[in-house]
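Since this is a predicted model, take the numbers as computed values, not measurements.
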Amino acid sequence: MYGFSLLTVILCLAAASVEDILTKKAADIIWWIFAPASLLALSASRTPPGFWDFFECLFAIFVQEHIMCRFYGRADSHAFSCCALFLIFSGARLEGHILHMFISLILLSVHQKLRHNIGNRGKLISPVPFIPYISIAFVICVIIALH
């Protein structure tokens, strides 16, 4: 069940990445598939989730959907929220979600710095799709979590 959940999540991230690159948007249907697939990881987890797992998940989603959405697009917030569901219920906990956000921002920053797309104040000169960076960072975090 975990493998099916992970495969579905990765396919949703791939679809969202392609759509974000092509249209600068991601369809809501992707997140309606992604979230339940992430929750399937809950049924495959070795230990049943406790109170803190649910609290951490709700906290991460609240922060993404109500605070961080001001710094990047709504689809990016949805992507991070769905990834948080998967990571937290797969055992990576809130620390895994924070690591995921950190790696995503590092990948974006390094790549955009190499492309000379970062201005003097540290902001992007021209906007770029963020979901591909979120997707790559998610795979890295899953690999780290599996070891």
Side-chain angles (χ1 to χ4, degrees), residues 1-21 23-114 117-118 121-124 127-147:
M1 188 61 81
Y2 180 82
F4 173 76
S5 176
L6 180 60
L7 179 64
T8 306
V9 164
I10 289 174
L11 288 174
C12 285
L13 280 172
S17 295
V18 169
E19 191 170 0
D20 196 20
I21 290 168
T23 66
K24 307 287 190 265
K25 298 179 199 174
D28 287 340
I29 187 71
I30 293 171
W31 313 123
W32 286 105
I33 296 169
F34 194 146
S38 293
L39 288 173
L40 281 177
L42 198 134
S43 64
S45 64
R46 289 178 216 112
T47 58
F51 170 77
W52 287 110
D53 295 320
F54 288 105
F55 176 77
E56 287 177 355
C57 196
L58 290 174
F59 176 75
I61 291 171
F62 176 82
V63 168
Q64 285 301 327
E65 299 294 335
H66 296 285
I67 298 171
M68 298 306 291
C69 67
R70 298 177 191 149
F71 299 100
Y72 37 72
R74 179 64 68 180
D76 303 327
S77 296
H78 294 337
F80 273 125
S81 294
C82 290
C83 289
L85 274 173
F86 188 90
L87 290 170
I88 291 169
F89 289 131
S90 294
R93 314 257 331 181
L94 187 59
E95 295 87 354
H97 173 62
I98 294 169
L99 177 66
H100 178 225
M101 289 177 56
F102 179 73
I103 292 172
S104 300
L105 291 170
I106 293 297
L107 289 173
L108 174 75
S109 300
V110 168
H111 186 237
Q112 294 307 309
K113 183 69 174 170
L114 292 173
N117 190 29
I118 297 180
R121 294 184 170 202
K123 293 190 176 192
L124 293 175
V128 296
F130 191 29
I131 294 177
Y133 299 99
I134 295 170
S135 302
I136 293 167
F138 176 78
V139 171
I140 292 169
C141 286
V142 168
I143 291 170
I144 290 170
L146 291 176
H147 286 85

Exercise. What pairs meet the side chain to side chain donor-acceptor pair (under 3.5 Å) rule with one or both residues in residues 74-83, with sequence neighbours excluded?
Worked result: E65-R74, E65-H78, E65-S81
Can you list everything that forms a ring-ring contact (aromatic ring centres under 6.0 Å, His included) with [X]? Sequence neighbours excluded, please.
{"X": "F80", "answer": "Y72, H100, F130"}
{"X": "F102", "answer": "none"}
{"X": "W32", "answer": "none"}
{"X": "F55", "answer": "W52"}

Using the side-chain contact (heavy atoms from CB on, under 4.5 Å) criterion, which residues pair with [X]? Sequence neighbours excluded.
{"X": "I30", "result": "C12, A15, A16, E19"}
{"X": "S135", "result": "L13, S17, I131"}
{"X": "V110", "result": "I106, L114"}
{"X": "A60", "result": "A84, I88, L94, H97"}

Exercise. For E95, what residues pass the salt bridge (charged side-chain N to carboxylate O under 4.0 Å, His left out) criterion, not counting sequence neighbours?
Worked result: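 Testing E95 for salt bridge (charged side-chain N to carboxylate O under 4.0 Å, His left out), a comparison that skips the adjacent residues, returns none.
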Exercise. Applying salt bridge (charged side-chain N to carboxylate O under 4.0 Å, His left out), which residue pairs with at least one partner in residues 99-112 are found, sequence neighbours left out?
Worked result: none
Exercise. Is the closest basic N to carboxylate O distance between D53 and R93 below 4.0 Å?
Worked result: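 Salt bridge: yes.
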